[in-house]
Structure formats: C-alpha cells, structure tokens
Enquirer: 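I'd like to ask you about the structure that follows.
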Amino acid sequence: MMTTRIRTLSAALLACGLAFPAAADWSIDGETSALHFLSTKNAQVTEVHKFDNFDGTLSDSGKLSVAVDLSSVNTAIDIRNKRMQEMLFNVSKFAQATFEANLPESMTNLKPGQVVNGKVDGILMLHGKAVPTSFSVKASKVDDDTLTVSTTAPTLIKAESFGLAEGVAALQKIAGLKSITTTVPVTFSVTFTQ
C-alpha cells in the first residue's frame with residue numbers, strides 16, 4: 001500500500017512538473033512599464049497623465065488580461081488626482097479598468113530579437129461599460145524571458161462611450177475651465193517577464 005501511495009504521489013508530482021512550464025504566464029513588470037493618457041483643457045492646454053499601478057498576464061496561447069488601479073491616477077496635482085478618482089472614475093464603485101484580448105499568433109511566437117507590428121483587438125471595461133477597443137502595437141521579444149509591447153499610435157478613448165461625460169463636465173465646472181475634451185489619447189509601453 002505504501003508503494004502504491006509513493007507511485008501515485010510521484011505520478012502527481014511528475015504531472016505537475018510537466019504541466020507547470022506550459023502554464024507559465026507572462027506578467028507585466030510594473031517597474032519598467034508605463035500607461036499614459038492626455039487631456040486638453042481650454043482648447044489648447046494639453047497635459048500628460050499616467051496610472052502608477054496596473055498589472056496583467058499574458059498566456060502562451062495569447063490570452064491577455066490587464067487591470068488598472070484607477071485610484072493610482074497621477075496628474076502631478078494631488079487635488080486633481082482626488083477629483084478624478086471621485087468625480088470621474090468613481091473609484092469607490094469602479095476601482096479598476098480592465099482590458100482583455102487574444103493576441104494574434106504572430107505576437108506570441110516570437111524568437112529572441114524578433115520584432116513585429118500588429119493590432120490588438122479586445123474589450124475595455126471601464127465604469128461598468130464594456131467597449132470593443134483596439135491598440136496598434138509593436139511587440140519585441142528581447143530574450144527568452146522578456147517581451148515588450150508598446151503602442152505605435154495613440155488609441156482614442158471617448159468618455160461618452162463609458163458614461164464618463166458627466167464626470168468630465170463636473171471636473172470642468174469645479175476647476176472653472178471653459179472646456180475639457182472628452183476624447184483622450186492613450187499610449188502604453190509594457191514589459192512582460194516570465
């Protein structure tokens with residue numbers, strides 16, 4: 001009976017060992033990754049903002065899942081960060097934005113040193129709304145354990161598509177601005193490690 005248990009345990013461990021490499025997802029390296037968006041106020045003042053905290057995984061089969069902590073919005077002005085968290089994103093109810101997609105095989109089967117341009121089509125979930133969203137990107141396999149993906153052009157995100165237009169209007173009013181654009185260009189540069 002002891003021999004049977006050892007055999008079963010060995011078989012289970014062997015199966016886990018064999019399955020593990022195939023299940024080794026790529027993870028976003030937060031230290032070397034960046035997610036930016038631009039806003040334009042009073043028709044001509046454009047500013048660059050970012051999110052400090054986001055993470056995500058990419059499976060070997062190309063399934064991408066990214067989550068952005070909306071309370072980590074960083075506009076370089078504390079009161080504006082707080083207003084965006086509360087009046088625009090409503091982080092107490094909608095803490096995260098998520099993006100899910102399946103990367104084309106041309107981006108997931110790269111050899112070290114190889115670079116490819118392409119399009120990633122997925123679903124952006126923000127403020128309780130799921131909207132099809134695409135990003136034009138360049139993927140580069142730096143080495144066996146490092147993959148970089150960055151936008152080659154900004155993706156335009158419309159506040160109206162996510163029910164955020166009222167929040168933009170509230171920000172405009174409280175800041176005493178003539179206008180804030182409701183279409184926001186988004187860019188990113190992320191590093192995945194295994």
Side-chain angles (χ1 to χ4, degrees), residues 27-58 64-101 103 117-139 148-193:
S27 297
I28 288 179
D29 178 356
E31 294 296 309
T32 57
S33 300
L35 173 59
H36 290 94
F37 65 99
L38 305 179
S39 69
T40 302
K41 62 187 183 186
N42 292 341
Q44 56 190 7
V45 180
T46 300
E47 296 172 291
V48 180
H49 313 296
K50 64 179 180 171
F51 289 98
D52 287 332
N53 297 325
F54 61 97
D55 57 32
T57 57
L58 174 64
L64 173 68
S65 183
V66 177
V68 179
D69 174 5
L70 296 175
S71 68
S72 75
V73 64
N74 185 344
T75 68
I77 298 173
D78 289 343
I79 187 66
R80 186 165 57 188
N81 294 344
K82 192 164 180 51
R83 287 172 177 172
M84 286 183 104
Q85 291 164 9
E86 294 171 1
M87 301 170 73
L88 180 65
F89 296 128
N90 188 8
V91 295
S92 61
K93 188 174 179 185
F94 304 105
Q96 292 185 326
T98 60
F99 180 71
E100 302 218 336
L103 266 61
N117 288 304
K119 195 166 88 161
V120 176
D121 299 314
I123 300 293
L124 178 60
M125 183 81 163
L126 173 62
H127 207 246
K129 309 271 187 200
V131 177
T133 306
S134 298
F135 292 93
S136 296
V137 300
K138 174 174 70 177
T148 62
V149 181
S150 55
T151 47
T152 55
T155 289
L156 300 178
I157 304 296
K158 297 182 188 318
E160 293 87 352
S161 301
F162 297 95
L164 294 171
E166 279 183 30
V168 173
L171 289 174
Q172 179 182 324
K173 184 176 179 183
I174 200 166
L177 300 172
K178 291 177 190 164
S179 66
I180 300 177
T181 54
T182 56
T183 299
V184 176
V186 174
T187 60
F188 62 80
S189 174
V190 295
T191 302
F192 288 94
T193 55

Enquirer: Show the numbers, then the answer: is there a side-chain contact (heavy atoms from CB on, under 4.5 Å) between Leu35 and Val186?
Expert: CA-CA 8 Å; Leu35 173 59; Val186 174; 3.9 Å; yes
Enquirer: Not counting sequence neighbours, which residues clear side chain to side chain contact (heavy atoms under 4.5 Å, CB included) with Thr191? List them please.
Expert: Asp29, Thr32, Ser33, Thr146, Thr148, Thr193
Enquirer: How many angstroms lie between CD1 in Ile157 and CZ in Phe162, if you round to the nearest 0.5 Å?
Expert: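 So the gap between those two atoms works out to 5.5 Å.
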Enquirer: Starting at CD1 of Ile180, measure out to NZ of Lys41 and round the result to the nearest 0.5 Å.
Expert: 8.0 Å
Enquirer: Once you round to the nearest 0.5 Å, how far does NZ of Lys82 lie from CD1 of Ile77?
Expert: 15.5 Å
Enquirer: Could you tell me which non-hydrogen atom of Thr133 sits nearest to which non-hydrogen atom of Phe99, and how far apart they are?
Expert: O-CE1, 3.7 Å
Enquirer: What's the shortest heavy-atom distance between Asn42 and Lys178, and which atoms?
Expert: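 For Asn42 and Lys178, the tightest heavy-atom pair comes out as OD1-N, 2.7 Å.
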Enquirer: Going by ring-ring contact (aromatic ring centres under 6.0 Å, His included), name the residues that satisfy it together with Phe54, two or more places apart in sequence or in a different chain.
Expert: none
Enquirer: Considering residues at least two apart in sequence or located in another chain, which fulfil the side chain to side chain donor-acceptor pair (under 3.5 Å) criterion with Gln96?
Expert: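 None.
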Enquirer: Kindly compute the distance separating CD1 (Ile79) from CZ (Arg83), expressed to the nearest 0.5 Å.
Expert: 4.5 Å
Enquirer: Name all residues meeting the side chain to side chain contact (heavy atoms under 4.5 Å, CB included) criterion together with Lys119; count only those two or more places apart in sequence or in a different chain, and write none if there are none.
Expert: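 Listed in chain order: Asp121, Ser134.
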Enquirer: Could you state the interatomic distance from CG (Asn81) to CG (Leu88), rounded to the nearest 0.5 Å?
Expert: 12.0 Å
Enquirer: Output all residues satisfying side chain to side chain donor-acceptor pair (under 3.5 Å) with Ser39, sequence neighbours left out; order by chain, then residue number.
Expert: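 His49.
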Enquirer: Which atom pair, heavy atoms only, marks the closest approach of Phe192 to Thr57?
Expert: CE2-C, 4.3 Å
Enquirer: Hey, can you tell me if Phe135 and Phe188 have their rings parallel, tilted or perpendicular (30° and 60° cut-offs)?
Expert: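 Perpendicular.
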Enquirer: Test of understanding: with side chain to side chain donor-acceptor pair (under 3.5 Å), list the residues that count as partners of Ser71, not counting sequence neighbours.
Expert: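 For Ser71, the residues satisfying side chain to side chain donor-acceptor pair (under 3.5 Å) (neighbours in sequence not counted) are Asp69.
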Enquirer: If every non-hydrogen atom of Ser72 is compared with every non-hydrogen atom of Asn53, which pair is closest and at what distance?
Expert: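 Answer, listing the atom of Ser72 first, then Asn53: OG-N, 2.9 Å.
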Enquirer: Which pair of heavy atoms, one from Leu126 and one from Leu70, lies closest together, and at what distance?
Expert: CD1-CD1, 3.9 Å
Enquirer: To check you understand the geometry: which heavy-atom pair defines the closest contact between Ala101 and Gly122, and what is its length?
Expert: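 It is CB-CA, 3.8 Å.
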Enquirer: Less than 3.5 Å apart, any donor N or O on the side chain of Thr75 or Glu47 sitting next to an acceptor on the other?
Expert: no
Enquirer: Should the heavy atoms of other residues, nucleotides or ligands under 6.0 Å from CD of Glu160 be counted, would the total exceed 12?
Expert: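 Atom CD in Glu160 is packed in, count exceeds 12.
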Enquirer: Quick one: CG on Leu38 to NZ on Lys50, what's the gap to the nearest 0.5 Å?
Expert: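 These two atoms lie 14.0 Å from each other.
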